[in-house]
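Data block below; observations after.
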There are 2 protein chains.
Amino acid sequence: MNARLSLVPATPVRTAEPDPGRNPLVRKLRSLVNLNAADVAALEEISLPPRLLGPRVDLIRSEEGSGDAVMLLEGFACRYKQRQAGQRQIMAYLLPGDLCDVDASYLGRMDHAVGTLASSVVVRIPRQALADLVSRHPNIAQALRMARLFEEATTREWVVNLGCRSAMERMAHLFCELLTRFQMVGMAEGDSCPLPLTQADLGDTLGLSNVHVNRTLQELRRQGLVELRGKSLRLLKVRRLQEIGEFNPAYLQPVDGAKGHAAVGLVSGLA
Amino acid sequence: MNARLSLVPATPVRTAEPDPGRNPLVRKLRSLVNLNAADVAALEEISLPPRLLGPRVDLIRSEEGSGDAVMLLEGFACRYKQRQAGQRQIMAYLLPGDLCDVDASYLGRMDHAVGTLASSVVVRIPRQALADLVSRHPNIAQALRMARLFEEATTREWVVNLGCRSAMERMAHLFCELLTRFQMVGMAEGDSCPLPLTQADLGDTLGLSNVHVNRTLQELRRQGLVELRGKSLRLLKVRRLQEIGEFNPAYLQPVDGAKGHAAVGLVSGLA
DNA sequence: AACCGATTATAACATGCGTTAAATCCGTAT
DNA sequence: ATACGGATTTAACGCATGTTATAATCGGTT
């Protein structure tokens, strides 16, 4: 299960490299607001040593109580909930650059779990460091607020997906969303992006049985819309898939390129 | 459609009454944290004159750009999204005391609409007033942050509902959630609460056709679990309904009664 | 190279829910 | 009262998706 864990006992991943785009958190926040050199430098400094986790490892339960945030550096994780009978529903994907806010755990018992789907590298960000960062770097504070708004919008979009789209439409929508999100952190290559999930994982995401996930996938392949080999997803006809899933990336990114202005007026205290 | 709008052209609803529990926002925030007299007084002062809206009236589009928040004083509203073919998916309910954060509209085009389902009374809260309130009253700031966390948790719970529960389970869960939320603002009477929705509205909420909503409702009635007459819902066997829907109110409220302590450590700047 | 468990793929069958349609009920206005 | 339109109810039928089962394939390990 976590076979890969032993391969890399504590290999430190270089975080504070001079080249500007390695850190996925930096890349993500840069897709939301304009960051200056000081902002970027500060972001690269806050991370504690990275830790490698195998697939299917819970990463919230363990941090619970520390109050620190967790950032996904590499890999693929999710928020999920397990029903009594065993069914799992995935409620959100965490991609590299995504922060897992631990605020929720203060509301008493955490209402859901967070775990890896593929083997992943995570870093803890001490709560105090994050608070300092936010108070000294308004751009970063702004970007984090926006990231949160987009995350909320994404969850709402998943409600729509589950509530009133067919299997094919759901899957097309999900794939479009994934490609866009990977593009935002510079991890897409053309129309391809990583997809280190099993069909069962997709089923738990889309509210479908794994058999039907397979059927739907076959149909998408047959129509020449997607290619899914190994752990890589390729969207052969992006436009067509966007039509099928009624995908509009506006809920993931600022419109056009007006990053700087877009969110000046956010009610900072309320957010 | 909006026939009732004309009935009450501009009837002002009394907001700042001396009796402590009239304002649903106060009641709601009090269910989250302990508020002192100054906090309550401040909350009662911020509202602009209330406006009456008929059912099925959008209330975001009109406020767009003003940046002010909107609070529902009476009635029933929702966040929703309309698909091209016409299907509507409701993503959240707004009950009395709920604030509709307008932050999202700053991310460019609003990604969803907010509208009334029943005729409602709303008040605008100027952005500046809200910012002042939050900076001068830490308890209120705390409560608003918690309210937001609970709102996020609620959306996640809806994802679970749509993703992996049957029609009966979904409806049982929704009804339990509604009762609890109305209890939090003091609008439930025993095991009864308002439900001014049509079966079509319920269908757009639960991802079911209106025919199947009806079937499911009949079955719940036949089993003596609920009573739904006029615009009032009554849960005859709350415990049983909670079992069916696997409902656990922990995602709506602080656990037990530890309101004051629960959230002291929230990363204020991040939230 | 050969093995193993996990994943993917297919088939056959079952069913929960959607669709269409028509009847009844109910609140509101005439 | 009466009439009207929207909401609820019920029935008949179809389909998308679930379920169960089994085979084929793949990726990683020895």
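Sequence lines set the chain letters: A, B, ... in the order given, protein chains first and strands last, and positions in each chain run from 1. In this text the structure is predicted, and so the values were computed from the model without any measurement.
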Can you say whether the rings of B/Phe182 and B/Phe76 are parallel (under 30°), tilted (30 to 60°) or perpendicular (over 60°)?
tilted

Specify the separation, in whole Å, of atom CG of B/Leu228 and atom C1' of D/dT9.
13 Å

Round to the nearest Å and state the distance from B/Gln218 atom CD to D/dA7 atom C1'.
13 Å

B/Glu169 has an atom CD; how far is it from atom C1' of C/dC17, in whole Å?
14 Å

Ignoring the backbone of B/His212, work out which of D/dT19, C/dC17, C/dT7 is nearest its side chain.
C/dC17

Would you call B/Glu246 and A/Lys81 a salt bridge, using N to O less than 4.0 angstrom?
no

For A/Gly230 and for A/Val213, find the nucleotide of DNA chain D with the closest heavy atom, then tell me which residue's nucleotide is more 5'.
A/Val213

Between the base of C/dG16 and the side chain of B/Arg215, is one N or O donor paired with an acceptor at under 3.5 angstrom?
no

Less than 4.0 angstrom from a charged side-chain N to a carboxylate O is my criterion; do A/Glu219 and A/Arg215 meet it?
no

Of the listed D/dT17, C/dT19, D/dT8, the closest approach to the A/Ala167 side chain comes from D/dT17

Just checking B/Leu208: base, sugar-phosphate only, or nothing, at a heavy-atom cut-off of under 4.0 Å?
sugar-phosphate

At 4.0 Å (heavy atoms only), tell me whether A/Arg229 reaches a base, stays on the sugar-phosphate, or touches nothing.
nothing

For B/Asp204 and C/dG18, give me the distance from atom CG to atom P, rounded to whole Å.
11 Å

Using only side-chain N and O atoms of B/Asn214, determine if any of them is under 4.0 Å from OP1 or OP2 of D/dT8.
no

When the distance from CG of A/Leu117 to C1' of C/dT7 is rounded to whole Å, what number comes out?
15 Å

From CG of B/Asn210 over to P of C/dA22, roughly how many Å is that when rounded to an integer?
16 Å

Report the residue (A/Arg170 or A/Val211) whose heavy-atom-nearest nucleotide on DNA chain D is the more 5′ of the two.
A/Arg170

Out of D/dT8, C/dC17, D/dT19, minimum distance to the side chain of B/Thr198 belongs to D/dT8

Would you classify B/Gly207 as touching base, sugar-phosphate or nothing, given that sugar-phosphate means primed atoms plus P, OP1 and OP2, and contacts are heavy atoms under 4.0 Å?
sugar-phosphate

In this structure, how many angstroms lie between the P atom of D/dT8 and the CD atom of B/Gln199, rounded?
4 Å

Whole-Å distance separating the CG atom of A/Leu217 from the C1' atom of C/dT7:
13 Å

Closest of C/dA9, C/dG18, D/dT9 to the B/Arg221 side chain is D/dT9

Is A/Asp191 salt-bridged to A/Lys237, cutoff N-O under 4.0 Å?
no

Criterion side chain to side chain contact (heavy atoms under 4.5 Å, CB included) on B/Arg165 and B/Leu206, from CA distance to verdict:
CA-CA 10 Å; B/Arg165 285 203 254 261; B/Leu206 296 170; over 6 Å; no

